[in-house]
Each structure stands twice: as structure tokens, then as C-alpha cells.
Amino acid sequence: MKRDRAQAVQPDACGLCRIELDHVGVKAGADVLVEDVSFHIHCGQLTALVGPNGAGKTTLVKAILGQRPYTGAIRHVDAEGHKFPVPRIGYVPQQLPFDREMPLTVCDLMAASLSRRPVWTGVGKAMRDRVHKALEETQAASLIDKRLGALSGGELQRVLLAMALTPVPDLLVLDEPVSGVDQNGLALFLQTVSALRQTHHMAILMVSHDWDLVRRYADFVVLVQQKVLKAGAPQEVFSSPEFANVFRGEMPPILERDANAGAQFRP
């Protein structure tokens, strides 16, 4: 997604670019995992993908990342409706499996991701400065020399976010990024993500089961269960019959009241 510097700092300039999912379907043998899924992911917005376990959320993410074959179309479109090459995509997984006893620092991990040079040969000053700058953007610069296994859940997710942002992507995909993160780490992570769409005007797609997080931070919500059941602003989706039918009995009191009364969600 090519955009000039003036465009990149305009947080309200909706529609500079978008990613269009058009009747996307994915099968595993004879099993239909998702079918006829259509929605747009816009730059400068956080789009939340919600649904029960097994609804096809991870399958859709893998299709967007190019990791699963699919039918239909996934198009990358500029403000004038023209197609452009596949965008840069940053990805933050739910967790990073690794040996927590490894003597690997945050600087080592990020340097390895940014260079083909083995980290055991040392990290030069130029690379260290580059890592430090990337960590600053996610408020994680103080962690640069911390051993990876000593990081808290929230700290590790901010490091992974810094890696996903280097180089700055056109689409940032967050797959349950705050699962198991404490409240302080959660708040800091989400404040950082919220600031990113202001400074870089990137498109953000977040898969989440945390509905309070979604209603506070998402601009657009897509409820899926193999198909798109409902899409719109958070209050539209959470107060819809479709949401109530899928999650009835699981909704916390605030969403139960809102689903019944159609209350406004934004604090």
C-alpha cells in the first residue's frame, strides 16, 4: 500500500486503502471451514473478528496471510479502487513457543529477525540502534537486554508487536494477542496498538474473545460462524439477535443488558 507522508498522519482519512474479502471460502477435504465470507478491512481502523471456538476465525486469518488456499477473492485496493501488489503484513500470534531457559535476549531475537547474520557473531551498534528504535514504538525499549524467558506475558507481546512493525506493515494481524496478559500489560498493549493506527494509519485485524476489549477499541466488528452472521459497529453487533443467539449464556452482564436493551457501548 503506497501512501505519502501527509496521508499517513491523517487519522480520520478513511478509505485510503482497504483489503476486500469477497465470497471467501475454505475447505479441508469435504469439510467446509468457512464459506461466502465478505467484508472489508480499512486502513486507519481496527477491525475485530469475533465468534465461538471453531467458527473459522483462524482459518480466515491463515487465508489472509496466504497460508491456506481459498475460493473467492482477497483483493488489496487503493483509494481509487485500483489493485496493487500484496501488502506487507505484520503478525502477532497468541503465543510464541520457545525454551524459556535459553540465554537469548530481546535484542538477540529482534536482530535475528532483521538480519541474515547469526546472532552468535554479535550484534553491531547499527543493528542495536535499529532494534532500540523499533522497541521504542511499542514502549519496550527498556527490555532490549532482558532475557526472553524472563519477560512477562505483556512484555513479550510488546516485543512481538515491535517485530511485526519492522518494517511498518500495511496490515497488522493480531491473533488473540492479549490472552493470558495481566491487566497492566493489557492496557499498555492496547494503548500502543491504538496509537499505531493514528501514527501509521495502518489496517488492523484483531481476533479476540475479549468483548470488553473489542467494544472499547474496535471500529468495526465481524461476527463469524463459518459465515458472516453480522458486521458493523461494536454496538450494532453486540446488540444484535445474531450475537445473542451465538453467545447466549456466555455474555457478561454488561453485554447481556446491552443485547436486551440496545444500549450504547462506547464509554
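By the rule that hydrophobic residues join a cluster once side-chain heavy atoms approach within less than 4.5 Å of another member, M127 and I144 end up as members of one cluster. Hydrophobic clustering, with ILVMFWY side chains joined whenever heavy atoms are under 4.5 angstrom apart, groups V92 together with L213. A single hydrophobic cluster is seen to contain both M163 and L96, as judged by linkage of ILVMFWY side chains at heavy-atom distances under 4.5 Å, directly or through other members. L65 and L33 fall within a single hydrophobic cluster, where Ile, Leu, Val, Met, Phe, Trp and Tyr side chains are chained together by heavy-atom contacts under 4.5 Å. If you chain together hydrophobic residues whose side chains sit under 4.5 Å apart, L156 and L114 fall into the same group.
In terms of heavy atoms, H76 sits closest to I19 at CD2-CG1, 3.8 Å. In plain terms, the two heavy atoms of V24 and A73 that are nearest each other are CG2-O, 3.4 Å. Heavy-atom minimum distance, A231 versus F220: CB-CZ, 3.8 Å. Smallest separation of non-hydrogen atoms from A162 and A134: CB-O, 3.7 Å. Between G72 and Y70, the shortest heavy-atom distance links the atoms O-CE1, 4.1 Å. Of all the heavy atoms in A141 and E136, the pair that sits closest is CB-CG, 3.7 Å.
At distances below 3.5 Å, not a single donor-acceptor pair connects side-chain atoms of S194 with backbone N or O atoms of L190. Put simply, the side chain of S115 never gets that close to the backbone of A111: no donor and acceptor are under 3.5 Å apart. At least one donor-acceptor pair under 3.5 Å links the side chain of T138 to the backbone N or O of L135. For E176 (side chain) and H209 (main-chain N/O), a donor-acceptor pair under 3.5 Å exists by modelled atom type. Judged purely by atom type and a 3.5 angstrom limit, Q157 uses its side chain to pair as donor or acceptor with the backbone of P177. A distance-only check finds a donor-acceptor pair linking the side chain of N245 to the backbone of P241 [under 3.5 Å]. Within the 3.5 Å criterion, the main-chain N or O of V168 finds a donor-acceptor partner in the side chain of R88.
The one candidate from L229, L223, V222 that meets the side-chain contact (heavy atoms from CB on, under 4.5 Å) condition with V237 is L223. T59 pairs in a side-chain contact (heavy atoms from CB on, under 4.5 Å) with only one of the listed residues (R68, Q226, K27), which is R68.
Within the 4.5 Å cutoff, the side chain of L143 has heavy atoms near those of the V159 side chain. Taking the side chain as every heavy atom from C-beta outward, R158 and F189 approach each other to under 4.5 Å. The side-chain heavy atoms of L171 and P169, taken from C-beta on, include no pair separated by under 4.5 Å. With contacts defined as side-chain heavy-atom distances shorter than 4.5 Å, the pair I64/I41 qualifies. For the pair F39/L49, a side-chain contact is recorded, criterion being any heavy-atom separation below 4.5 Å from C-beta on. No side-chain heavy atom of F98 sits less than 4.5 Å from a side-chain heavy atom of L109. Using a 4.5 Å cut-off on side-chain heavy atoms (C-beta onward), D170 and M202 make no contact. When side chains are defined from C-beta on, I74 does not count as touching D22, because their heavy atoms never get closer than 4.5 Å.
In this structure, CZ on R130 lies 9.0 Å from CE on M110, to the nearest 0.5 angstrom. Note that CD1 of I204 is 14.5 Å distant from NE2 of H42, once rounded to the nearest 0.5 Å. Note that the CZ atom of F243 and the CD atom of E236 stand 14.0 Å from one another [nearest 0.5 Å].
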Step by step, would you call R75 with K83 a side chain to side chain contact (heavy atoms under 4.5 Å, CB included)?
-> CA-CA 7 Å; R75 292 187 291 267; K83 294 181 181 179; 3.6 Å; yes

Let me see the working for L196 and L161 under side chain to side chain contact (heavy atoms under 4.5 Å, CB included), right down to the final yes or no.
-> CA-CA 11 Å; L196 288 171; L161 181 59; 4.2 Å; yes

Intermediate values then yes/no, side chain to side chain contact (heavy atoms under 4.5 Å, CB included), L148 and T105 | CA-CA 5 Å; L148 210 59; T105 68; over 6 Å; no

Checking side chain to side chain contact (heavy atoms under 4.5 Å, CB included) for the pair L21/S38: CA distance, chi angles, key distance, verdict?
-> CA-CA 5 Å; L21 279 74; S38 298; 5.7 Å; no

Decide salt bridge (Lys or Arg N to Asp or Glu O under 4.0 Å) for D78 and R18; before the verdict, give the C-alpha distance in whole Å, the side-chain angles of both, and the deciding distance to 0.1 Å.
-> CA-CA 7 Å; D78 65 18; R18 65 188 181 274; over 6 Å; no

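Salt bridge present: D145 and R128 bring a charged side-chain N and a carboxylate O closer than 4.0 Å. Contact check on K146 versus E155 returns a salt bridge, with a Lys/Arg side-chain nitrogen under 4.0 Å from an Asp/Glu carboxylate oxygen. Comment: D129 does not engage K133 in a salt bridge, judged by the lack of any side-chain N to carboxylate O separation of less than 4.0 angstrom. Under 4.0 Å is where a charged nitrogen must lie from a carboxylate oxygen, and between D175 and K57 no such pair does.
Side chains of H200 and E137: a donor-acceptor N/O pair is present below 3.5 angstrom, by distance only.
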